[in-house]
Amino acid sequence: MDRRGVPGRGRPRRGSGDPDGRDTMRNVKSRWSMRHPYLILSALIVLLALVFSIRGPWSGDLGMHGATIEALRRSLTHPGNPVVDEDTPSPYYSPYTVLLAAVARLFGWSALTVLDVVSPINVLVLLIGLWTFVRTLSTRTWAPVLAIVFILLLWGAQPWVWSGFLSFWALPLVMAYPSTIALGLTLLWWTGLSRALDAEPRWYRYLGLGLLGAVIALTHQFTFVIAALGAVALVVSKARGLSRLGWLFLILAVIEVAGLILIWPYYSFFDLIGVSDLDGVHRRLYEKPFLWYGLCVVALPALWLRARRNRLDPLVLLFGMSALLVAFGGLTGKYEYGRVWPGVMLSAQLAIAVELAGPLPASRRVRRAWIPATVLACAVGLVTQAGKLVYLAPSSLATAGARDGVNAYLKFPDYSWATRYVHAGDVVLTDDYFAQHVLPGYGVRMVLSVIWPDPMLPDRDARRVAQYEMMTAKDPARRAALFRQYHVRWVLEMPANWRIPTDLAPVASGPNGEWLYGVDENGNIVAG
């Protein structure tokens with residue numbers, strides 16, 4: 001009895017077998033134990049990401065994203081082109097970079113500092129998204145744990161780095177990239193969509209899905225293609241259970257995505273459709289497919305098992321649609337479709353994680369071959385990618401020789417010495433590969449963005465010709481005219497490659513033999 005003398009209304013006694021008593025505590029412990037291995041592994045990965053962000057060298061496309069944030073930091077409303085001194089829109093101006101620029105302005109941080117700070121946060125969002133989405137596919141304890149392992153290791157026997165291709169090898173370099181946060185948001189988007197399709201239609205759920213879909217599309221366009229394919233796969237797999245009201249809300253969410261994309265003020269998303277000058281950059285994605293992606297062949301049995309059970313399985317559909325787009329790109333020479341390779345890999349990696357976490361096939365032959373092959377593939381992936389751990393070594397040990405010995409990474413030279421003279425917004429003429437990667441990260445602008453394609457720069461061909469002429473012109477008057485036309489304030493030359501014909505002393509010299517010259521308002525090189 002309770003204190004009022006009414007039977008059965010009192011507080012249950014622990015140990016009585018009541019669902020609100022000991023059984024409830026057991027259920028809580030069970031739920032915690034299911035999360036526990038994933039929490040441990042996730043905490044370790046976030047810790048690694050934190051150390052990577054502190055110790056990681058400058059390499060890859062970090063300069064481009066730094067240039068974008070620096071341009072927005074100077075002006076959130078009218079940043080202009082992030083790399084060249086031109087008033088053009090840019091697809092790099094996304095909700096992600098706008099947010100980071102606002103944070104940088106608020107705290108007075110540089111672009112590189114805010115990118116370092118956000119890197120482990122991006123990894124955390126990715127891990128949360130992976131957990132939530134895998135839980136919509138399986139309630140098995142180890143499914144999300146295996147998903148992390150396979151996503152990081154099941155790529156190819158030859159590791160490489162490319163934006164949007166998330167592996168353990170690439171993680172230290174791409175943590176801050178828009179593609180990483182876009183992938184994390186994609187997994188959260190798929191989670192929300194899966195749950196919305198299974199539940200009673202609620203307008204606010206689909207409103208949130210529309211907003212998140214637009215953010216993904218504007219943040220990283222290639223990842224959005226994969227996100228959209230996954231959304232289609234989920235809708236197709238659950239279409240039979242969707243009510244008329246659910247279909248209506250879904251259509252309105254699609255309209256919302258399109259509408260938000262249309263009103264984004266920094267660039268026109270739809271102008272990027274059909275851009276043809278990206279094929280050359282992405283041709284490499286098709287050059288060594290087995291070396292880049294071959295270890296994931298062990299996931300094919302998982303997709304086959306899922307397809308046998310349900311031809312409309314969302315992972316099978318995502319795999320098939322992504323593979324068709326990749327094949328189309330290879331057959332037609334539209335190599336930008338190779339950016340859908342991560343959709344092929346992710347669907348396969350998630351499929352094998354879910355299948356191996358559950359009951360295994362009855363066939364002994366399948367079990368005897370599949371599990372050892374998967375373990376071997378993961379071991380190969382770990383061994384070939386473990387060189388990235390050299391990031392964690394003290395600077396005295398992470399020497400160039402040690403990095404070369406494990407093929408760890410290509411460390412770009414430090415150009416911070418040049419920023420004592422060259423300021424954000426100044427235009428520098430140089431043909432040095434590393435300088436063109438690094439200097440934009442400090443807000444310095446180039447005559448031409450030769451490293452990163454810029455489909456929204458209308459005079460890129462003219463700039464290419466002008467840059468070559470500036471570097472080879474023997475007539476000082478012609479060179480000065482071009483300097484004035486493109487607002488060149490500095491010349492950074494590598495004497496071993498090319499030299500400006502002048503007897504004047506440089507303003508400064510770099511540690512790798514670079515010479516820095518100043519240019520006055522009339523386009524004349526000035527003495528140091």
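No experiment lies behind these values; they were computed from the predicted model shown.
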Nearest 0.5 Å, what's the OG1-CG distance between Thr219 and Leu183? 12.5 Å

What heavy-atom pair brings Gly343 and Ile226 nearest, and what distance separates the two atoms? N-CD1, 3.4 Å

Derivation and outcome, side-chain contact (heavy atoms from CB on, under 4.5 Å), residues Leu50 and Ser53: CA-CA 5 Å; Leu50 180 61; Ser53 68; 4.2 Å; yes

Calculate, to the nearest 0.5 Å, the distance between atoms CG and CE belonging to Leu126 and Met175 respectively. 11.5 Å

Quick check: are there more than 12 heavy atoms from other residues, nucleotides or ligands sitting under 6.0 Å from CD of Glu200? no

Nearest 0.5 Å, what's the CD-CZ distance between Glu336 and Arg339? 10.5 Å

Would a 4.5 Å heavy-atom cut-off, applied to side chains only, mark Arg284 and Trp162 as touching? yes

Between Gln385 (side chain) and Leu152 (backbone), is there a donor-acceptor pair under 3.5 Å? yes

Residue pair Tyr96 / Val118, side-chain heavy-atom distance below 4.5 Å: yes

Distance-minimising heavy-atom pair for Pro144 and Thr141: CD-O, 3.6 Å

Using modelled atom types only, decide if a donor and an acceptor are shared between the side chain of Tyr92 and the backbone of Ile69 within a distance under 3.5 Å. no

Hey, are the side chains of Pro265 and Tyr93 touching, using non-hydrogen atoms and a 4.5 Å cut-off? no

Centre-to-centre under 6.0 Å for Phe328 and Tyr337, is that the case here? yes

For Glu355 and Arg309: C-alpha separation, side-chain torsions, deciding distance, then whether salt bridge (charged side-chain N to carboxylate O under 4.0 Å, His left out) applies. CA-CA 12 Å; Glu355 292 303 310; Arg309 290 195 298 266; 2.5 Å; yes

One pair to check against side-chain contact (heavy atoms from CB on, under 4.5 Å): Ser90 and Tyr267. What are the steps and the verdict? CA-CA 6 Å; Ser90 172; Tyr267 71 93; 5.9 Å; no

CG (Leu212) and CG (Leu260) are apart, to the nearest 0.5 Å, by 11.0 Å

Thr136 and Arg195: CA distance, side-chain angles, deciding distance, side-chain contact (heavy atoms from CB on, under 4.5 Å) verdict: CA-CA 8 Å; Thr136 67; Arg195 292 175 178 174; 4.2 Å; yes

Quick check against the 3.5 Å criterion: does Arg105 have a side-chain atom that pairs as donor or acceptor with the backbone of Arg73? yes

Between Leu209 and Tyr206, does a side-chain contact (heavy atoms from CB on, under 4.5 Å) hold up when you go through it step by step? CA-CA 5 Å; Leu209 289 171; Tyr206 288 90; 4.2 Å; yes

Between Leu153 and Ser167, is any pair of side-chain heavy atoms under 4.5 Å apart? no

Counting distance only, does the side-chain N/O of Thr132 pair as donor-acceptor with the main-chain N or O of Gly129 below 3.5 Å? yes

What are the two closest heavy atoms between Ala147 and Leu350, and how far apart are they? CB-CD2, 4.0 Å

Quick one: do Asp454 and Arg460 satisfy salt bridge (charged side-chain N to carboxylate O under 4.0 Å, His left out)? Show the steps, please. CA-CA 8 Å; Asp454 192 344; Arg460 57 187 179 277; over 6 Å; no

Tell me, yes or no, whether the heavy-atom count around Arg74 atom CZ, taken from other residues, nucleotides or ligands under 6.0 Å, exceeds 12. yes

So that I know where these two stand, are His78 and Tyr266 an aromatic pair - ring centroids less than 6.0 Å apart? no

Do Leu325 and Met321 come close enough that some side-chain heavy atom pair is under 4.5 Å? no

Return the CG to CG distance between Leu173 and Asp61, rounded to the nearest 0.5 Å. 10.0 Å

Here the pair of heavy atoms bringing Pro120 nearest to Ala49 is CA-CB, 4.1 Å

Quick one: do the Asn122 and Thr180 side chains pair a donor with an acceptor below 3.5 Å? no

Nearest heavy-atom neighbours spanning Phe165 and Pro342: CZ-CD, 3.6 Å

So does Met64 get a backbone contact from the side chain of Thr68, meaning a donor-acceptor N/O pair under 3.5 Å? yes

Hey, does the side chain of Glu70 reach the backbone of Tyr442 with a donor-acceptor pair shorter than 3.5 angstrom? no

Thr113 and Ser110: side-chain donor and acceptor closer than 3.5 Å? yes

Are any side-chain N or O atoms of Tyr286 and backbone N or O atoms of Leu331, one a donor and one an acceptor, separated by less than 3.5 Å? no

Flag side-chain contact, heavy atom, 4.5 Å: Trp370 against Leu300: no

Heavy atoms, side chains only, cut-off 4.5 Å: are Tyr335 and Leu285 in contact? no

Distance-only, no hydrogens or angles: does the Asn81 side chain make a donor-acceptor pair with backbone N or O of Val84 under 3.5 Å? yes

Donor-acceptor under 3.5 Å (Ser322 side chain, Phe319 main chain): no

Any side-chain donor-acceptor pair under 3.5 Å between Ser163 and Ser179? yes

Taking side chain to side chain contact (heavy atoms under 4.5 Å, CB included) as the criterion, tell me which of Leu242, Leu248, Leu245, Leu250 meets it with Pro201. Leu245

Taking side chain as C-beta onward, heavy atoms only, is Leu154 less than 4.5 Å from Tyr293? no

Answer yes if the ring centres of Phe133 and Trp190 are under 6.0 angstrom apart, and no otherwise. yes

Is the backbone N or O of Leu115 less than 3.5 Å from a side-chain atom of Ser119, with the two atoms forming a donor-acceptor pair by type? yes

Would you compute the distance between atom CD1 of Ile45 and atom CG of Leu130 and round it to the nearest 0.5 angstrom? 9.0 Å

May I ask you to check whether Tyr38 and Trp131 place their ring centers less than 6.0 Å from one another? yes

Nearest heavy atoms of Trp189 and Ala227, plus distance in Å: CZ3-O, 3.4 Å

On the 0 to 90° scale, with breaks at 30° and 60°, tag the Trp160-Trp292 ring pair as parallel, tilted or perpendicular. parallel

Hey, what's the ring geometry for Phe224 with Phe269, parallel, tilted or perpendicular (30° and 60° as the breaks)? perpendicular

